[in-house]
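Structure first, commentary second.
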Amino acid sequence: MDKLIITGGVPLKGEIRVSGAKNAALPILAATLLSDGVVTVGNIPHLHDITTTMELLGRMGVELVVDERMNIEVDSSSIKDFYAPYELVKTMRASILVLGPLVSRFGEALVSLPGGCAIGSRPVNLHIQGLSKMGADIKVEKGFIRAKAKKLKGTRLIMDLVTVTGTENLMMAATLAKGTTTIENAAREPEVVDLANCLTAMGAHIDGAGTDTILIEGVDSLNGTKYDVLPDRIETGTYLAAAAITGGHVRLKDTRPEMLKAVVEKLKEAGADITLGDTWIEINMHGDRPQAVNVRTSPYPAFPTDMQAQFTAVNVVADGTGVISETVFENRFMHVHELQRMGADIRLQGNTAVTRGVQRLTAAPVMATDLRASASLVLAGLVAAGDTAVDRIYHIDRGYESIEEKLAKLGARIRRVPG
Ligand code: EPU
């Protein structure tokens, strides 16, 4: 297994490009199953989760053509199977996103039930409940979700809690349902809006995406289109945090700062000088140590859970005491134990981590446990004295395109070594 070796101590400087958003690309690729025509998806990041999705679609008989710029052309007219096997779903929970499109367009789906994962139990009960309410006959047996429906029916869905992929699955299913569906207490994440925009370009009738009530009027069929995925706000935030932790000066281009308001506010509180354009964002720490901040994660537009681990890393070297509360997932603090091995002073009490900043971390061999936890270990490595070896970096490759190249471009001393 590959490792990343990071020699800490260099303030990051320079400019890099932000890639397309993983969490928008995944639902959009699933949405191509709804279309009668060819859908071409652009600005796709080169990531493991994308390859897994392509394999998932390919195994169903869907034809995919990828060009050298990662535009993916998807033609689902050759589909033969409506099946998502355990071996793929267990490596990528977002595979559940094929459930809504398959049952809505083809009337059947057999999708492995994702298990718990490193950040929580993560049930998909709300995806299932929503589809049943739309008239699907759903059975959960032998670890699989088996769904059937002649034609889904529009209905009023009031979500018990805000779920991103749940909202996406039901919104996709509703595009081809008979009549109108409303999703109340819907997720407002920019990735939900991006999916809605792509579906609209395919001919769907959707109103209210980006608010907590989405209205979808079913249509008979959807057409092909060409759609570019929005920039990755979590990748953007991760490099901003990397600049903050190292006291650096970094500019990120091809992004959308307006999606990062909560993160930018916290970075300013940490002492960062931030300049924003429409498509770029610049952070300058002027060589200073960050100030500790308090963070509470919540659904968009509040502070994202996907940035919690990276801010925990910033806090452990910051000046002062910070309190980080995780409210979205029940077990998203695996990075804390690894950071402690690097000399971090963190007290974990339930879903709250209290950090007391130390002047310097010391390098240690550490292990990545999930995608964002891994990113936090890389950030810690950037400021630790000595060589930090981050193991199990396949987690990072699931969600960060060319992380070592991008960091090296900013001056970091980082290399990948085969394990
Ligand atoms: N939940 C339920 N029942 C459901 C669905 C969700 O109880 O049927 C709970 C979850 O267990 C969790 C909360 O609701 O406690 C929110 O989970 P959500 O469904 O919103 O998460 P998700 O859709 O599975 C997406 C992202 C995650 C991101 C979360 C929260 C994708 C592919 N994944 O997951 O991204 O953390 O929303 O913003 O969009 C990542 O990129 O590292 C990542 C984990």
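Counting starts at 1 for both ligands and their atoms, following the listed order. All residue numbers refer to positions in the sequence shown, counting from 1. Both backbone and side-chain heavy atoms feed into the values below; hydrogens, waters and symmetry mates do not. Keep in mind it's a predicted model, so treat the numbers as computed, not measured.
Ranking the protein heavy atoms by distance from atom 7 (O) of ligand 1 puts P123 CG, 3.4 Å first. The protein non-hydrogen atom at the shortest distance from atom 43 (C) of ligand 1 is D306 OD1, 3.4 Å. The single protein non-hydrogen atom nearest to atom 21 (O) of ligand 1 is F329 CZ, 3.8 Å, given as residue, atom name and distance. Shortest contact from atom 3 (N) of ligand 1 to any protein heavy atom: N125 OD1, 2.7 Å. Distance from atom 42 (O) of ligand 1 to its nearest protein heavy atom, with residue and atom name: R372 NE, 2.9 Å. Atom 1 (N) of ligand 1 has as its closest protein heavy atom L161 CD1, 3.7 Å. Ranking protein heavy atoms by distance to atom 24 (O) of ligand 1, first place goes to R122 NH2, 3.0 Å. Taking atom 32 (C) of ligand 1 as the reference point, the nearest protein heavy-atom neighbour is N23 OD1, 3.4 Å.
Inspection of the N169 and H127 side chains reveals an N or O donor paired with an N or O acceptor under 3.5 Å. There is no side-chain donor-acceptor pair under 3.5 Å between Q308 and T297. T238 and Y400 form a side-chain donor-acceptor contact under 3.5 Å, judged by distance and modelled atom types alone. Looking at Y227 and D194, their side chains do bring a donor and an acceptor atom within 3.5 Å of each other. Side chains of R332 and T305: a donor-acceptor N/O pair is present below 3.5 angstrom, by distance only. Judged purely by distance below 3.5 Å, without hydrogens or angles, the side chains of R17 and T255 never pair a donor atom with an acceptor atom. No donor-acceptor contact under 3.5 angstrom links the side chains of S19 and D232, judged on distance only. For the residue pair T155/T181, the side-chain donor-acceptor check at 3.5 Å is not satisfied.
Heavy-atom distances between G120 and ligand 1 stay at or above 4.0 Å for every pair. For the pair R332 and ligand 1, a heavy-atom separation below 4.0 Å is found.
In V164, the parts holding a heavy atom less than 4.0 Å from any atom of ligand 1 are both the side chain and the backbone. No part of R93 comes within 4.0 Å of ligand 1, judged by heavy-atom distances. Residue L126 touches ligand 1 through backbone and side chain together, judged by heavy-atom distances below 4.0 Å. Here T305 has side-chain heavy atoms under 4.0 Å from ligand 1, and that is the only part of it that gets that close. Neither the backbone nor the side chain of R398 has any atom closer than 4.0 Å to an atom of ligand 1 (non-hydrogen atoms only).
Residue T163 has at least one N or O atom closer than 3.5 Å to an N or O atom of ligand 1. Distances between N or O atoms of E168 and those of ligand 1 include no value under 3.5 Å.
Shown in contact with K22 at under 4.0 Å from a heavy atom are these atoms of ligand 1, numbered in order with element: 40 (C), 41 (O). Less than 4.0 angstrom separates some heavy atom of T165 from each of these atoms of ligand 1: 22 (P), 23 (O), 24 (O), 31 (C), 32 (C), 39 (O). For ligand 1, the atoms sitting less than 4.0 Å from at least one non-hydrogen atom of H127 are 8 (O), numbered in the order shown with element in parentheses. Close contacts between ligand 1 and V328 involve ligand atoms 12 (C), 13 (C), 15 (O), 16 (C) [criterion: under 4.0 Å to a heavy atom].
When atom types are taken as modelled, the side chain of K406 and the backbone of I16 share no donor-acceptor pair closer than 3.5 angstrom. Checking side-chain atoms of D2 against main-chain N and O of R392 turns up no donor-acceptor pair under 3.5 Å.
Within the 4.5 Å cutoff, the side chain of R415 has heavy atoms near those of the V417 side chain.
Between F311 and F303, the distance separating the two ring centers is shorter than 6.0 angstrom.
Among all heavy-atom pairs drawn from P45 and A21, the shortest one is CG-C, 4.3 Å.
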